[in-house]
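What follows is a set of notes on a single structure, which appears directly below.
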Amino acid sequence: LDYHAPDQTMIDLILPLQEPSTHPVPDPGYRPAFATLSPEQRWLFWNWLRTHEGMVPVGYGVLYLQHLEAALFDTHAIAALQEMRWLLNHHRALSVREAAAYALAVGAWLHRQPDLFASIVNHGGAGSWNLEVLLFLQNDLGVPLSAPQVIRLGQLFRHSWSAWARQHAQEIEDAVFAELAAAGHSLLSQQVGALRSEQRTGQIQLVNPGLRFTLQVVDVWNNPGFQQAIKDLLAAAERSAQLGGRFTSR
């Protein structure tokens with residue numbers, strides 16, 4: 001773990017709080033530091049953390065996420081993961097939810113919680129910009145690809161669905177699951193194993209600018225073989241679903 005910048009999340013209880021008067025309180029910037037908030041802004045932030053109620057501007061959500069990310073590396077890690085789940089489910093801004101999903105997945109990997117990791121990738125909240133690292137971490141945790149996850153990957157890889165498939169989402173999902181089960185849910189591990197010689201240094205950069213670390217990863221996301229394997233799996237699943245599951249191309 002490399003600390004590249006001062007911890008921007010530090011909540012200093014010495015700094016004053018002041019309950020806002022009737023006039024509007026200006027929104028903080030996207031990535032504020034606690035010390036730069038006005039007393040009224042700090043009161044709004046504190047009150048939101050205390051009550052877990054209401055909607056707040058994006059900057060407060062990012063500030064809290066920075067705080068929770070720092071806690072992943074101390075004795076409060078498990079509590080931080082629970083708060084990240086709350087933030088993911090309750091903040092209205094897509095940018096905050098995507099960042100919370102990514103941080104939560106990284107935290108689940110750090111603390112070896114495969115069920116939590118699986119719930120995040122199946123939820124679909126993480127943005128496509130960080131899927132390369134997430135797929136590698138998912139394989140490291142032994143979490144297999146799920147049917148909904150494969151379907152989302154197919155969309156990102158521009159897989160062409162037939163009109164029938166677009167109208168029969170549940171049949172397609174069931175068929176994808178059957179295809180994965182027939183292969184022992186080992187598609188991801190097989191692809192990573194085939195790419196061992198292509199390991200490179202990858203970087204995990206959390207929202208908190210003071211938290212960054214590197215690891216050796218396999219670039220699954222951008223590999224043409226992995227993309228084609230997903231497309232082939234989806235095409236076989238669609239044929240099987242259209243025929244009522246009586247035919248599956250292996």
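Computed from a predicted model, the values in this text were never measured in an experiment.
- Donor-acceptor pairing under 3.5 Å is recorded for the side chains of H52 and E83.
- Residues S162 and E238 have side chains that bring a donor and an acceptor to within less than 3.5 angstrom of each other.
- Take T36 and apply the side chain to side chain donor-acceptor pair (under 3.5 Å) test, not counting sequence neighbours, and it matches no residue.
- Residues L211 and Q205 share a closest heavy-atom pair of O-NE2, 3.0 Å.
- At distances below 3.5 Å, at least one donor-acceptor pair connects side-chain atoms of R166 with backbone N or O atoms of W161.
- Hydrophobic cluster membership is shared by W46 and V58, with clusters built from Ile, Leu, Val, Met, Phe, Trp and Tyr side chains linked at under 4.5 angstrom.
- Minimum interatomic distance between A35 and L15 (heavy atoms only, all atoms of both residues): CA-CD1, 3.8 Å.
- Between the E173 side chain and the P148 main chain, no donor and acceptor come within less than 3.5 Å of each other.
- Partners of D140 by salt bridge (Lys or Arg N to Asp or Glu O under 4.0 Å), not counting sequence neighbours, listed by chain and number: R112.
- One distance of note links CD of E98 with CG of L88; it measures 10.5 Å at 0.5 Å rounding.
- Side-chain contact between M84 and E69: present, with at least one pair of heavy atoms (C-beta onward) separated by less than 4.5 Å.
- Heavy-atom neighbours of R50 CZ from other residues, nucleotides or ligands within 6.0 Å: above the threshold of 12.
- Without hydrogens or angle criteria, R152 side chain to V121 main chain gives a donor-acceptor distance under 3.5 Å.
- The closest donor-acceptor contact from the side chain of Q216 to the backbone of G202 lies at 3.5 Å or more, if one exists at all.
- Residues L44 and Y30 fall within the same hydrophobic cluster, defined by Ile, Leu, Val, Met, Phe, Trp and Tyr side chains chained together at heavy-atom separations under 4.5 Å.
- Ring geometry, F213 versus F73: the interplanar angle exceeds 60°, so the pair is classed perpendicular (tilted spans 30 to 60°).
- For the pair I120/R85, no side-chain contact is recorded, criterion being any heavy-atom separation below 4.5 Å from C-beta on.
- Clustering ILVMFWY residues whenever any of their side-chain heavy atoms sit less than 4.5 angstrom apart, transitively, puts W48 in the very cluster that holds I11.
- Of the candidates L195, L135, V192, V218, N223 forms a side chain to side chain contact (heavy atoms under 4.5 Å, CB included) with just one, namely L195.
- Side chain of R31 to backbone of V207: a donor-acceptor contact under 3.5 angstrom is found.
- Summarising the geometry of A80 relative to A71, their closest heavy-atom pair is CB-CB, 3.8 Å, with the distance given to 0.1 Å.
- At least one side-chain heavy atom of W164 sits under 4.5 Å from a side-chain heavy atom of I172.
- Atom-to-atom distance recorded for W43:CH2 and Q18:CD is 11.0 Å, nearest 0.5 angstrom.
- With rounding to the nearest 0.5 angstrom, the CG atom of L188 is 10.0 Å from the CZ atom of F136.
- Minimum heavy-atom separation, L65 to V96: CD2-O, 4.5 Å.
- Ring planes of H185 and F177: tilted class, angle from 30 to 60°.
- One hydrophobic cluster, built from ILVMFWY side chains closer than 4.5 Å, holds both F117 and I78.
- Remark: the backbone N or O of L37 is paired with a side-chain donor or acceptor of R42 at under 3.5 angstrom.
- A pairwise comparison of heavy atoms in P26 and Q41 identifies O-NE2, 2.8 Å as the closest pair.
- The aromatic rings of Y60 and F45 sit parallel, their planes meeting at an angle under 30°, below the 60° perpendicular limit.
- The two residues Q191 and G225 come nearest to each other via the heavy atoms OE1-C, 3.8 Å.
- W86 and L116 end up in the same hydrophobic cluster when Ile, Leu, Val, Met, Phe, Trp and Tyr side chains are linked at under 4.5 Å.
- Heavy atoms from other residues, nucleotides or ligands lying under 6.0 Å from NE2 of H111 number more than 12.
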